[in-house]
Every structure is written in structure tokens, then in C-alpha cells.
Amino acid sequence: MISAARKTLLLCDDEKDLAEELGEYFSETGWRVNICNSGREAERLLFEGLAPECLLTDLRLGDMDGSRLVAMAHALPALIRPRLMVVMTGNILGSATKHTLGVDILRLKPVEPVMLAQEMEDMLLSRMTD
Amino acid sequence: MTLKLDSIRRRWALFVTVALVATTACLYAATTFLYLDHARQREMLAVGIRTSGWVAYQAQIELIKTLAALRIDAVDPSTVGQEDVLLRIEILRSRLPILYESEEGKLLNELPAHVPTIKGYEAIIDVFLAEVEAQPEAIIPASRLNKLHDELQPLTRTLQKILQTSVAYNESIYKREQELAKSPAFVPLALMFFSVTSLVVFVLLQAMRDRHRLIAVERAQAEAAHMQENLRALIRAMPAVVIVFDSLNNVVSFANPLAQTLIDTAPPTSKEWRRFLKAAQDSLTGDEAGGVVVSFSFQRSNGKILALRGRRQRVMWEGRQQSMLALADTTQVRDAELQIMQAAKLATLGEMASAIAHEINQPLTVIRMAAANAQRLLANGDTASLEAKLDRINSQIERARRITDQVRRYGRSTTLHAEPFFLRRAIDLAISFVAEQYSMSGIRLLIELDLPVELQVSGEQTLFEQVIVNLLINARDAFEENRAKGAHPVVQVRARVEGEQVAVSVQDQAGGICHDVLGTLFEPFTTTKSESQGTGLGLSLSRKIIRGMKGEIVASNAGGGALFLISLPTHRREAELREAAQ
Ligand SMILES: Nc1ncnc2c1ncn2[C@@H]1O[C@H](COP(=O)(O)OP(=O)(O)O)[C@@H](O)[C@H]1O
Ligand SMILES: [Mg+2]
């Protein structure tokens, strides 16, 4: 198990209800969660050095593309860069894969929360033991 | 050519008629004149013969009697003889002036030359009479009587001469009369003959012309009758619905066999026909050359819906002004059109399937997460917070239902049933339909609907939505194609009221319409897209739909993109137009 202090998550979805439910779910499973409803807000938090272990974002945000947010996160200094990046999407656009998007996990909505949380935890653990 | 000949012939006939009439009139005048002249001559002759010689002759007789009385009394003077002499002299004296004063005397040619002589004798007689008057008791001596006798003797010659001229004159008159009698009015007879002949010719010519005219009229009548028969046969055989009706009371006076089989075989006064005529009248649109355009559907009593299109005209039928409907049965065309429209709608739905899936996934995701959280709450025994979760789940289910409803509504089979609908809501629905697509493509929609919510237009709502969806999808396609060339990802949808019209515009900034297709943009199969992407039917169907709503759609390039402008009559205006057409 990873300590609660290490399990930090920045959650970004322009759909408020969904962001809330996701946030609630991850909080209850031991994550420290920050929620934001727009790409710009997420960008600001990351730049200000929130430095979450994990970034979970919707692919389509009202004001910007989720892939742009991911790309931006990749460009952050290593110290504040999230170790794990996860994208959810309503439907896959053409040839987009987790590799082209540059993310660790790509999930189709409606996501299965138990599995997703498990996978995220496993992956994060393996990264940290690296 | 024949026309010219005809006109020449007509002019010639007119000339002959006028000439004949003029000749006849002249002949009549001449005959009358001759007759009058003849009568006057005869009258003159009678007067001349009776009177002209008479006055001279009487004077002569009186003179001879006077001379004899003078001689007798001179031989044997007596009172009785003297009285006789005086009486004779007085009679002679009164006779002499008659010679030159009376009308008859004036007729004698040479009389004026003798007047002084006669007056001289009158003076002699007057002297004698004056002497006798001076001594009334005295007996006139024989010498005086002889003297008077000798004085008056030469008058005999004068009177003789006058009598002779008068006889000569009478003779000449007599000769003329003889001549007249011998030439038995040859000229008047000839004139009479000519005038009668020309009258007869005139009447004959007139009769001939009348006969020609009658034949022509009869021929024309026969032709008209044939024509009418042919027309009726044509109307009966025509593969079109033809109905003649009295627009005052909507009673059908004629329906060709096709109309009867298509609409109703019941008597023309039946309800079915009335319903039919009402449907036709309700659909009247503006006047066009050749009648008022009618386009309507009619549900038969057996449930089948007919589509009919044609014109209404005013005609004279059976001597009355009536209305004629000539209609084509467009049911099959309409059905085919509906199928194409339906196919186009389904194609749009197919195209948007992924966007729809995404939209439905959104509430599903919320539901799943809420359900997961609810399960945990239940496990923890926290039932108080459960209710909020269930509410959230319910509202998300509602959201999903709205999406599926919209898809269902959009995909349901198309009818052409026009009904007033709220324009603003229809535009909103159409936009919400593509909103997901647009956000997926990163295109911003600028919406300015300056419309009262309650404003209505008339038509089939989902078809109108299809038009807006078509335009928005075309704009998206144009943007996708030109994304690399720096197209602006902005599409504006605007609407505003302009009097009795509403203007709806869709404008993009994606480079505009290709010039090659601008001219035929609204014709079927005009497309610049690959076969898998475009059918070229979108805009042609759109125009069909908008025109069905009595509106118009036009396209132009403006502001770095395409601008599509739709104008529609508002429902009230549309109803007014329809009323006006009746
Ligand atoms: N907004 C637009 N911008 C540029 N071109 C357009 C636009 N809308 C329509 N067109 C042109 O008009 C053509 C016909 O459109 P349409 O009738 O909808 O058929 P389709 O979309 O299937 O090709 C398109 O192929 C395109 O070339
Ligand atoms: Mg199209």
C-alpha cells in the first residue's frame, strides 16, 4: 500500500456532477483529491506547483482539449510533473491511442471505477518502486 | 398570302356594292327628274294650246263685230243702233288691254312689238267715247261713225298678224307634243330598266354574300362543336384530375373519370367532394401566369393520403363562370421525396452516431460513479446521504432520455404535414443536435436568436431542423477540410424578425463555397466531397423543404466563409397569404 500522503490526484472534468462523484469515489479510497472543472484551472494548479502524483482528465474539456493539458503536464519540470496521467473519453477519436496521447491509461466512459482505481494504484506503485 | 387575297376580295366586293348602290340612286334620281320634266311640259302645252291664241282671236271677233255695227248704224242711224255701237266699242275697248296684260297674252312671242299700236287704237276709241259722253242725247252723225270705222280698220291687220303668230306658236307646240307622243318615253324606260337591273344584281350579290357567310358560320360552328367534343374527350382521357365546380356553393359540375376514381364516385354534392374542394381552396398560393397554384394533400375516406398539385382557373362552363381544377396526382412523387428526406435524416443520424454515443456516455458515467459511491455509502450504513445520490442518478437518467427522445423524434418517418411550430425551439433543437459534434471538432458556435419565443412558422418541424443541421454539418465539413489552411473555427447562427418575415442565417469562416459549384449549389448531386463523405443532396433537400414552407434559401460567400440565408413567412403571414390567394 502507498501511504495516503503519496496518493494525490488532480481531477479535471468540465462535467461538474461527474467530477464530484469521481472525486468522492477516489477520496473514499484513500486519495487526496483536487477537483477542477476546466482545463485552464488545471493548468494553473499544475504550474503553481500542486505537483499531484496523478492527473486524471476528461479528453474534452469545455475550454481546451484534454490532450493539450496532458502535453502541458509532460512539459512541467520533473519535480512537479505528475507521475501518472490518465485520460477518460466519451468516444475515441479516429486513431488516437494512449501512446499518441502520451498517457499511461486511456479509459472509455462510462469507466468502471473499482478497476480504474486499482489499476492506477498498481501503476503508481510500480513507478515508485522503480 | 390567302389573307391578302381575302382582303383584296373583300375590298372589291365593297367597291362593287357601293358602286351598285350609287348607280341605283343616280338612276332613281334621273328617272324622277325626267318624269317631273315630262309632266311639266305636258301641263305647259295644255295651257298654251287652250289660251294663247284665244285672246287674239276674241279681240279679232270683237273688232269685226264693232266694224259691222259702225257700218250698219252709219247707213241707218237710230237710237237702238247707236246703243249697239256704243256697247260694241266699249267691249272692244275692254278687250284690247287683255291682249298684253293677261297671262295668256304674254305667252304670245311677238306681242310686245304691237303694244304701242294697240295703245294708239285705244286712244282713238277713248276720244270717240269722250265725244259721245259730252253730248249724250245727241245722235252721232254717220260721218263720225264712218270716220271711226276707217280709223279702226287697220287694227284688223294688226290683230290678224298677232293671231297668225299665235297660230304658228300653237303649231310648234303641237308638233312638239306629237314628237313626245311618238318617242314613247324611251329614256325613262331605259333608265327604269337599268335601275331595276342594278337592283336585281345588287340583291343577288347580297344574297350570294349572305350565303357564303352562312356557310362559313355553319362550318365554324361545326368546327367549334368538334373542338368541344375533342376537348371533352381529351379531358376525359387525360391522366390528370380535372374538376369543374361552382366556387359560390362548392358544387362540382364536372369531374373526369380519373378524378372520380381517385377521389370519390359518390354524387357531386357528397361530403367527400366538399371536403376535397375545401382542402384545395385552403392550399391556394399566389397567382402565377395560367392560374392559381394549388398543392395539397387529401385524406380519402379509406385513409389513403393523396398528394395533388396543379392550378385553379376561372372558366366559362355550361354558360356560367366556374372554377376549374387541373391537378396531377403527385402521391408517388411525394412518397419518393419523403423517402429521400427520410434517408437523408437517417444518414445524418448515422453520421452523428459517435457524437450521440458520446453524449449518452456522459450521463451513464455519472450514473455509474454515483452508483459506486451509493454502494459504498450503503456498506458504511450511511443511508442519509443515499437519497442525494439517487436523485442525481435520476436526473442523469432523465438527461439520457432526452437524448434518446431527440434521436427518436428526428428519425421518425417523415410526413409532409405542415403545422405551426415554435421557430426558436426548433433552431435550439437543431443546434443541440450538432453541439456535440462541434465541440468534438473544436468549433465554437455563436448563437444570436433575436426571436420571441412564441414566434411560429408553418411546416414540418423535424424537416426544418434537418435544414439547420445540414447547414451546420456542411460548415463543420468545410472547417475540417480547411483547418490546415487557417480556417476560423467559428460558426454563427443568427435569427431575427423583419416585419412579416423571419431571417435565419448560418455563417462560417471556413474559406467559402467553391466557385465551381456556386451556380448549381442547390441542385441534387452537387458535391465536392468524396463519395463516402457527401451525397450532394443536403442543400437540394434543404431548398425543397424551405420552399415547402413558402420561404427561400440563398447562399453566398462573405467574410471569409459561406453565408446561408433562409427567409420564411411567419405563421400569421403565411395564413394571410393563403387567404389572399382565395
Ligand atoms: N459552409 C460551406 N462552405 C463551403 N462549401 C460548402 C458549404 N456548404 C456547402 N458547401 C458546398 O456545397 C456542396 C453541396 O452541399 P450538400 O448539398 O450539403 O451536399 P454534400 O454536403 O453531401 O456534399 C458541398 O459539397 C460543398 O462543396
Ligand atoms: Mg451536406
Side-chain angles (χ1 to χ4, degrees), chain A residues 9 11-31 33 35 37-40 56-69 71 86-96 101 106-120, chain B residues 350-382 384-400 403 434-445 476 480 483 489-490 532-533:
Chain A
L9 171 66
L11 207 158
C12 185
D13 200 316
D14 59 337
E15 176 100 31
K16 258 187 90 184
D17 281 5
L18 183 56
E20 257 179 44
E21 292 296 338
L22 275 171
E24 187 179 327
Y25 186 83
F26 279 99
S27 305
E28 290 300 324
T29 45
W31 292 74
V33 184
I35 299 177
N37 293 122
S38 73
R40 201 142 300 156
L56 170 59
T57 177
D58 190 10
L59 192 55
R60 280 205 311 98
L61 303 166
D63 54 349
M64 71 162 75
D65 210 308
S67 57
R68 239 188 74 190
L69 183 63
V86 184
V87 160
M88 304 175 294
T89 175
N91 58 354
I92 298 291
L93 294 166
S95 55
L101 287 171
L106 176 63
R107 276 277 181 275
L108 262 182
K109 287 181 181 177
V111 288
E112 212 293 301
V114 185
M115 300 271 279
L116 177 65
Q118 190 60 58
E119 196 176 346
M120 280 164 65
Chain B
E351 202 177 325
M352 289 194 292
S354 64
I356 293 165
H358 180 258
E359 239 185 312
I360 288 192
N361 270 340
Q362 213 62 18
L364 284 183
T365 311
V366 181
I367 289 168
R368 170 163 270 179
M369 290 315 302
N373 286 330
Q375 263 172 348
R376 195 184 32 74
L377 285 173
L378 204 61
N380 292 352
D382 182 2
S385 312
L386 260 182
E387 205 169 323
K389 288 281 167 270
L390 292 177
D391 279 350
R392 176 163 275 168
I393 287 172
N394 259 334
S395 75
Q396 290 298 322
I397 290 173
E398 185 56 33
R399 179 178 164 196
I403 298 164
V434 296
E436 196 57 35
Q437 293 251 333
Y438 266 58
S439 58
M440 274 163 66
S441 300
I443 304 170
R444 210 145 56 87
L445 263 171
R476 186 212 56 186
E480 295 285 5
R483 192 199 287 271
V490 176
S532 59
Q533 270 202 314

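Numbered from 1 within each chain, the chains take letters A, B, ... in sequence-line order.
Counting heavy-atom pairs under 4.5 Å between each of A/E28, A/E112, A/M64, A/M88 and chain B puts A/E28 at the top. When each of B/V366, B/N373, B/L364 is checked for heavy-atom pairs under 4.5 Å with chain A, B/N373 comes out on top.
In this structure, CZ in A/F26 is found 6.5 Å from CE in B/M369, a value given to the nearest 0.5 Å. To the nearest 0.5 angstrom, A/L18 atom CG is 9.0 Å from B/R392 atom CZ. Residue B/N361 holds its CG atom at 8.0 Å from NZ of A/K109, rounded to the nearest 0.5 Å. The structure places OG1 of B/T365 at 13.0 Å from CZ of A/R107, a figure rounded to the nearest 0.5 Å.
Annotation for B/R368 and A/P110: closest pair NH1-O, 3.1 Å, computed over non-hydrogen atoms. Nearest heavy atom pair, residue A/R60 against residue B/S439, reads NH1-OG, 3.0 Å. Nearest heavy-atom pair, B/L377 versus A/E24, reported as atom, atom and distance to 0.1 Å: CD1-OE2, 4.4 Å.
Counting only heavy atoms from C-beta outward, the side chains of A/D13 and B/Q362 approach each other to under 4.5 Å.
The environment of B/R483 atom CZ is dense: over 12 non-hydrogen atoms of other residues, nucleotides or ligands sit within 6.0 angstrom. Surrounding CD of B/E398 are more than 12 heavy atoms belonging to other residues, nucleotides or ligands, all under 6.0 Å away.
With hydrogens and angles left out, the side-chain atoms of A/D17 and B/Q396 include a donor and acceptor closer than 3.5 Å.
Note on A/E15 versus B/R399: salt bridge recorded, some NZ/NE/NH1/NH2 to OD/OE distance being below 4.0 Å.
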